[in-house]
Trainee: 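Let me give you the structure first, and then I'll get to my questions.
Worth saying up front: this structure is predicted, and the values here are computed from it rather than measured. All ligand and atom numbering here is 1-based and tracks the order in the structure.
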Amino acid sequence: MRIALFGPPGAGKGTQASILAETYGLKTISTGNLIREAMREGSELGEEARSYVTAGKLVPGELVRKLADSAVANAGFNDFILDGYPRTIEQAQWLDAFLRAYKAELHGVVFLAVPDEVIIERLSKRRVHRLTGESYHLDFLPPPADVSPEDIIQRADDQPEAIASRLRGYRRETKPLENHFRVTGLLREVDGNASVDVVHNRIIRFLKSSPVTAARKAG
Ligand code: ADP
Ligand code: ADP
């Protein structure tokens, strides 16, 4: 099964991707996590990306394309869930061409729809594990007791100004993708403004319907 999660920052893509990955044995490919990993390692790519990420701006396409393509190839072109990629029409066209070349087209795209005020609340209370990138929320999903508090941090781009910039960027560059996926017939909108479990069940309902299940059965 090859699926992508799409939606505004803070919609719950990472949270749902990690549950789905476990449920279906998929590999999660999060360009955000890959970029932060590159930044932590201090690689050339990471250093190039840093100023964009911190300001809440999209990292220029070619850098992200390389990261995403090699992660998809490492997954063996199957059984993966894309989280946060593609995020522009250009990225979607690259991905389409790349996957088509390997006969590995996406089976479905889940659009997690969440209103702005909920996004702002979620992002300002988001905390992440500095090594695993796992997301928590101060009220809804506090870090478990066995996780050391020093490992729990707030992302620099979860500060109010960066959140506002990411929402503007989303509307300008990412939202147009909704129509791109709609015309390909891949998109299924899921109301993401509910508890983590309820949203998960809504996504599962979509995945159990064709064409994703058919693709799964066919291997
Ligand atoms: P969120 O979904 O909360 O915005 P991510 O962890 O997915 O967070 O992304 C964090 C940052 O990483 C983005 O604001 C952007 O700077 C960069 N990034 C992640 N994915 C992409 C992408 N597909 N294209 C460009 N930049 C990206
Ligand atoms: P994204 O990857 O789309 O940026 P995350 O999965 O990191 O979003 O979620 C953003 C924040 O909202 C995190 O703090 C997460 O714990 C929290 N969160 C995710 N899903 C829900 C939900 N259904 N209800 C409440 N909080 C949620």
Side-chain angles (χ1 to χ4, degrees), residues 4-21 28-40 45-46 48-69 71-72 81-92 94-95 110-115 117-129 132-144 152-159 161-174 177 190-203:
L5 288 186
F6 165 69
K13 301 182 294 297
T15 303
Q16 295 297 333
S18 98
I19 308 174
L20 288 168
T28 301
I29 300 174
S30 154
T31 41
N33 279 349
L34 291 170
I35 292 168
R36 279 184 294 276
E37 207 174 286
M39 283 163 51
R40 266 199 309 276
L45 193 148
E48 264 184 85
R50 190 179 303 277
S51 60
Y52 295 96
V53 174
T54 312
K57 297 203 164 91
L58 288 186
V59 174
E62 278 292 342
L63 288 179
V64 184
R65 178 191 196 173
K66 278 185 213 152
L67 282 175
D69 285 1
V72 168
I81 176 161
L82 287 167
D83 161 16
Y85 186 84
R87 252 180 224 214
T88 61
I89 296 273
E90 187 182 42
Q91 289 178 6
W94 286 337
L95 179 71
V110 177
F111 170 39
L112 281 180
V114 177
E117 62 276 14
V118 176
I119 286 170
I120 292 165
E121 197 278 340
R122 285 189 186 173
L123 289 181
S124 52
K125 291 192 178 168
R126 171 160 67 184
R127 296 295 181 273
V128 294
H129 193 284
T132 64
E134 190 73 28
S135 265
Y136 302 104
H137 185 281
L138 290 180
D139 302 332
F140 301 121
L141 205 73
I152 300 300
I153 56 164
Q154 183 171 28
R155 281 169 40 173
D157 58 345
D158 280 344
Q159 301 297 333
E161 264 179 37
I163 293 177
S165 160
R166 285 156 70 205
L167 279 173
R168 281 194 303 273
Y170 171 76
R171 272 190 280 275
R172 203 175 46 237
E173 295 174 272
T174 309
L177 264 184
V190 168
D191 178 3
N193 189 14
S195 72
V196 171
D197 287 351
V198 168
V199 176
H200 174 68
N201 287 330
R202 286 175 182 165
I203 298 175

Trainee: Around atom 23 (N) of ligand 2, find the nearest protein heavy atom and jot down its residue, atom name and distance.
Mentor: Ala194 O, 2.7 Å

Trainee: Which of the listed options, Ser135, Pro60, Gly32, holds the heavy atom that is closest to atom 19 (C) of ligand 1?
Mentor: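 Minimum heavy-atom distance to atom 19 (C) of ligand 1 goes to Gly32.
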
Trainee: Checking the N or O distance criterion of under 3.5 Å, is ligand 2 in contact with Gln16?
Mentor: no

Trainee: Just go through Met39, Glu173, Lys57 and tell me whose heavy atom is the nearest to atom 15 (C) of ligand 1.
Mentor: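 When every heavy atom of Met39, Glu173, Lys57 is considered, Lys57 comes closest to atom 15 (C) of ligand 1.
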
Trainee: Among the heavy atoms of Gly56, does any lie under 4.0 Å from an atom of ligand 1?
Mentor: no

Trainee: Backbone, side chain, both or neither: what part of Arg126 comes under 4.0 angstrom of ligand 1, heavy atoms only?
Mentor: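 Side chain only.
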
Trainee: At under 4.0 Å between heavy atoms, which part of Leu58 makes contact with ligand 1: side chain, backbone, both or neither?
Mentor: both

Trainee: What atoms of ligand 1 come closer than 4.0 angstrom to any heavy atom of Val53?
Mentor: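 Under 4.0 Å from Val53, ligand 1 has these atoms: 16 (O).
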
Trainee: Would Val196 count as a polar contact of ligand 2, with the cut-off being nitrogen or oxygen pairs under 3.5 Å?
Mentor: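 Yes: some nitrogen or oxygen of Val196 is under 3.5 Å from one in ligand 2.
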
Trainee: Among all the protein's non-hydrogen atoms, which is closest to atom 24 (N) of ligand 2, and how far away is it?
Mentor: Arg122 NH2, 3.4 Å

Trainee: Looking only at protein heavy atoms, identify the closest one to atom 13 (C) of ligand 1 and say how far it is in Å.
Mentor: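 Ranking protein heavy atoms by distance from atom 13 (C) of ligand 1, first comes Arg87 NH1, 3.8 Å.
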
Trainee: Could you see which bit of Ser30 sits under 4.0 Å from ligand 2, with heavy atoms only: side chain, backbone, both or neither?
Mentor: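 Neither; nothing of Ser30 gets under 4.0 Å from ligand 2.
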
